[in-house]
Every structure is written in C-alpha cells, then in structure tokens.
K.L.:
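Right, I'll just put the structure down here and ask away after.
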There are 2 protein chains.
Amino acid sequence: MPTSASSSPPPAAPSAAGAVSATPPALEPVQARFIELFVAAAEALGVPRSLGEIYGVLYASPRPLSFQDIVDRLALSKGSVSQGLRTLRSLGAIRAAGLPDDRREYFEPETELRTLVGGLLRDRISPHLEHGRQRLDRVGAEISAGKGLSRAEAAVLRARVQKLENWRRKGAALLPVLTRVLS
Amino acid sequence: MPTSASSSPPPAAPSAAGAVSATPPALEPVQARFIELFVAAAEALGVPRSLGEIYGVLYASPRPLSFQDIVDRLALSKGSVSQGLRTLRSLGAIRAAGLPDDRREYFEPETELRTLVGGLLRDRISPHLEHGRQRLDRVGAEISAGKGLSRAEAAVLRARVQKLENWRRKGAALLPVLTRVLS
DNA sequence: GATTTTGTTCAAAAAAAAATGAACAAATCA
DNA sequence: TGATTTGTTCATTTTTTTTTGAACAAAATC
C-alpha cells in the first residue's frame, strides 16, 4: 500500500478555504494557501480554476504526487484531474517525474517562470501573430476593393491596417525577448 | 433626424460574417473583417467577445461613432454596448471624442499598443503583484507554524515561496519596461 | 484468465459568464 | 410642461465553459 492512507479517517470538517478541502489526506493549511494563490492567478490569466488548484497542490507538495494523490487532496473528479493534468503538461507547466519503483506516474511543477509564461504565450498569443500577416494583407486588399468607401475613408483604414501590422511585428519581436528576460 | 437612417429598409440578408451583421447601416465587408480580427484577439485575451466587436467596429470606422451608431451596426443590445463601452473606457482602449455640434458622445479607438496592453496589464496583473508580497510573507510564516511538516519538507516549501517572491519581483519590474518598450 | 489498479473519454449536469431588454433617469426640445 | 432623445441599470435569460461521473481501456497482479 502506498504512502497515503486509504481508509477513511473521521471526515474532517470542511476546512477554512472554500473549495480547497478534501477528505482523506487533509491539506495542511499552508498548502491550502498555496492553492488559493494559484487559483487567483488562474483567474487572472483566464484559465479554469481547476488548473490553478492542480498546479497549486503540486507546487505545495515537497514531493511529486500521483494522479490519485491529487484526486484525494482536491475536491475534484477524476475527469477534471485527468484533463487538467493533460492541459498543464501541454502548457509545460508540470512535468512527469517517474518515481521508479511503481507503475504510476508522478507529477511535479515546473518552477521556471520562463517556462510557464512561455507556455501560455505560445499557446494563446503566438498563433495569432503567426497567421496575422496574411490576414492583414487580405484586409488591405479588401479596402481597395471596397465599394462603399470614399477615397479619404479608405486612406484612414489603410493607415489602421498598417498600424495593426506594426503591432503584430512588435509583438512577434517581443515574445522571444520576453521569455529570455525571464531568466 | 440624425445621420443614420431609422425607418426600415428591406432587412438585409444576414451578411457573410457570423455574428457581425446588423440591420440598418450594413457593415462593409472590410469592416466585418476588422471586427473578426478583434473578436479573435478578445478570445485570446480572455475578454468577452462583445468588447472585441465594439472595439473592432470603432477601429474599422474612419470617423468616431456614437453609442447609437454602434448599436445599429452590431447585433448587440443597448445594454451590452453600454457596458462594453464603459469597460473599454476604463481599460483606456477607447476615448470619447466630443463632436461639438451635438449632445451625443462619440467614441474612437485608442490605437497606441502601449495604451492597450498597459490597460490590460494594469487591470489584471498588477493587483496581484502589488498585494503579493504580504501574502507570500504570510505563507512563509505558516510554513514555520505548520504542524504536519518535517524539517526537510518545510525547507522545500520555503524555497518554493522564495521562488514565488522572485517571480513577483521580476514581474513587477517587467511591467513598466514592457509598456515602455511598446513605443 | 479473472480481478484490481490506474487512468482516459465523453455525454450530460452544473456553474459561470455574457447578453438581453424593459424600466428608469437625465438632458433636450417643442 | 409634456414628449423625445440618449443612454444606464440590473433582474432575467441565454450561451459558453467547466465539471462531473459512469463507461471503458490497458496494464499489472493474483
């Protein structure tokens, strides 16, 4: 039998922090705090709360945790944890640490800021910057083709497209620098 | 009677772009394109689609638009437009341009990237960085107070808090630089 | 080869976020 | 003053996102 108890201790009264408690290996208050922190961050970044919880519980654990460990500690279904782990992995926010002696996978948090920020940017910003150029070109073409636009209006819009292309260019240049600066 | 027609022209067939059409002053295709662009950006940034539409219709207009102009051009309710304009203003993404001769307010987009990015960061990231320090200190204190932690475990967690504080510090240092770099 | 352990998938339920629209307010106009 | 225009507010509805949990699969174990 693995480290964590599996029989049922007297069901702990729902602990201080709202959605953070669980039944079997009740969370230390410190750990609940960590989790709150990452839940808040998740909200700020617009990613689902459960991702914050999962990353948080890993960040707050001195040792890697297995899938089941996570399900036990958080009040989340297996489904959520499974999908959450997948997402976090695809973002590069966590890493599988194979504890050698058993079959289960164990997870630990990636703690390099650059990796985390980089993952999010790659996932949510870069795609737009990449396909952006062609799309802007097409918009430019449509301005010329536009029936309902006076010459002066067309000029304003063309200037705006140009401005967008500048945004795009700056953005594309900035991303790599950003992740480099985040040591 | 104001500029925009108010009687009912034969209801234009729903125009190409999905949610972008409107009835009276049907959008030029170019303008629908602009709007699509900003709707996509809104999704990437995790702000409501309507904000993208509103900013988009302003960005795609060679002249400032009034509240009513926007309601007419977009398939959005007055309520949504009212709230959307307020949010965009508080983000600094649009600006009121008072056309002098009439009572209505007119809006135009803020086209400086730094203003836009700055607004979002100020709104969604800065608050966390500001209050972060104290919260981290409190977590640190709780680690020491923690009953269920071995000395070694406490050390790992303390190191993690330290790492978070580093993140926070770097983030706080980076934001101003960022908005400066975005010329 | 049956059973248990470990985890994934995905339709359905629940929760959260966004949009609507009717009631309301304030300014202008007749 | 009464009617109109311009917009705001906010309870309700709609839509979207997230979570759940039961059914399933694959590997290990008995």
Side-chain angles (χ1 to χ4, degrees), chain A residues 1-4 6-7 18-20 22-24 39-40 42-55 64-90 94 96-107 124, chain B residues 1-7 18-23 39-40 42-55 57 64-90 94 96-107 124:
Chain A
M1 186 183 291
T3 337
S4 38
S6 67
S7 52
V20 147
T23 345
V39 164
E43 274 166 16
L45 295 176
V47 306
R49 163 189 197 89
S50 61
L51 290 192
E53 290 191 36
I54 297 171
Y55 185 82
L65 298 180
S66 72
F67 177 92
Q68 193 57 49
D69 290 338
I70 299 172
V71 171
D72 290 344
R73 282 169 174 70
L74 299 174
L76 287 178
S77 69
K78 288 201 299 170
S80 288
V81 172
S82 178
Q83 292 187 180
L85 285 173
R86 176 149 43 129
T87 303
L88 286 172
R89 255 204 288 204
S90 88
I94 65 178
L99 288 209
D101 54 323
D102 85 46
R103 152 152 96 105
R104 288 168 292 186
E105 275 197 308
Y106 284 78
F107 300 94
R124 297 176 46 178
Chain B
M1 186 183 291
T3 336
S4 37
S6 70
S7 51
V20 146
S21 80
T23 344
V39 164
E43 274 165 17
L45 296 175
V47 306
R49 161 189 197 90
S50 61
L51 290 192
E53 291 191 36
I54 297 171
Y55 185 83
V57 81
L65 298 180
S66 73
F67 178 91
Q68 192 59 48
D69 289 339
I70 299 172
V71 171
D72 291 345
R73 282 168 173 68
L74 265 20
L76 286 178
S77 68
K78 288 201 297 171
S80 289
V81 172
S82 178
Q83 292 187 181
L85 285 173
R86 174 149 44 131
T87 302
L88 287 173
R89 258 204 287 205
S90 87
I94 65 176
L99 288 208
D101 54 322
D102 88 47
R103 154 152 93 106
R104 290 169 291 186
E105 275 197 308
Y106 284 78
F107 300 94
R124 296 176 48 178

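Given the structure is predicted, the values throughout are model-derived calculations rather than measurements. Residue numbers begin at 1 in each chain, while the letters A, B, ... track the order of the sequences.
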K.L.:
Between atom CG in A/Leu88 and atom C1' in D/dT18, what is the gap in whole Å?
P.N.:
15 Å

K.L.:
Sequence neighbours left out, what passes side-chain hydrogen bond (donor to acceptor under 3.5 Å, both in side chains) with A/Ser66? Give chain and number order.
P.N.:
A/Asp69

K.L.:
List for me each residue that meets side-chain hydrogen bond (donor to acceptor under 3.5 Å, both in side chains) alongside A/Ser90, sequence neighbours excluded, and say none if there are none.
P.N.:
none

K.L.:
Just the rounded figure in Å: distance from P of D/dC10 to CZ of B/Arg86.
P.N.:
9 Å

K.L.:
Expressed in angstrom and rounded to an integer, what is the separation of A/Leu74 atom CG from D/dT20 atom C1'?
P.N.:
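Whole-Å distance recorded here is 15 Å.
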
K.L.:
Atom CD of B/Gln68 and atom P of D/dT4: how far apart are they, to the nearest Å?
P.N.:
16 Å

K.L.:
Pick out the pairs of N or O atoms, protein on one side and nucleotides 23-30 of chain D on the other, that lie under 3.5 Å.
P.N.:
none

K.L.:
I need the CD-C1' distance between A/Glu105 and C/dT6, as an integer number of Å.
P.N.:
11 Å

K.L.:
Is there a side-chain contact between B/Val71 and B/Gln68, using heavy atoms and a 4.5 Å cut-off?
P.N.:
yes

K.L.:
With sequence neighbours excluded, tell me which residues meet side-chain contact (heavy atoms from CB on, under 4.5 Å) with B/Ser82.
P.N.:
B/Phe67

K.L.:
Identify each atom pair where a protein N or O and an N or O of nucleotides 17-19 of chain C are less than 3.5 Å apart, giving names and distance.
P.N.:
{"unit_1": "C/dA19", "atom_1": "OP1", "unit_2": "B/Ser50", "atom_2": "N", "d": "3.4"}
{"unit_1": "C/dA19", "atom_1": "OP2", "unit_2": "B/Ser50", "atom_2": "OG", "d": "2.6"}

K.L.:
What integer distance in Å separates B/Tyr106:OH from D/dT6:P?
P.N.:
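Distance check: B/Tyr106 OH to D/dT6 P gives 8 Å.
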
K.L.:
Can you name the residues that form a side-chain contact (heavy atoms from CB on, under 4.5 Å) with A/Arg86, not counting sequence neighbours?
P.N.:
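A/Arg86: side-chain contact (heavy atoms from CB on, under 4.5 Å) contacts with A/Gln83.
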
K.L.:
Sequence neighbours excluded, which residues qualify as side-chain hydrogen bond (donor to acceptor under 3.5 Å, both in side chains) partners of A/Ser50?
P.N.:
none

K.L.:
List for me each residue that meets ring pair (Phe, Tyr, Trp, His ring centres under 6.0 Å) alongside A/Phe107, sequence neighbours excluded, and say none if there are none.
P.N.:
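Counting only residues at least two positions away or on another chain, A/Phe107 forms no ring pair (Phe, Tyr, Trp, His ring centres under 6.0 Å).
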
K.L.:
Return the set of residues passing side-chain contact (heavy atoms from CB on, under 4.5 Å) with B/Ala97 (not counting sequence neighbours), or none when no residue passes.
P.N.:
B/Pro64, B/Glu108

K.L.:
Let me know the distance between CZ of A/Phe67 and P of C/dT9, rounded to the nearest Å.
P.N.:
11 Å

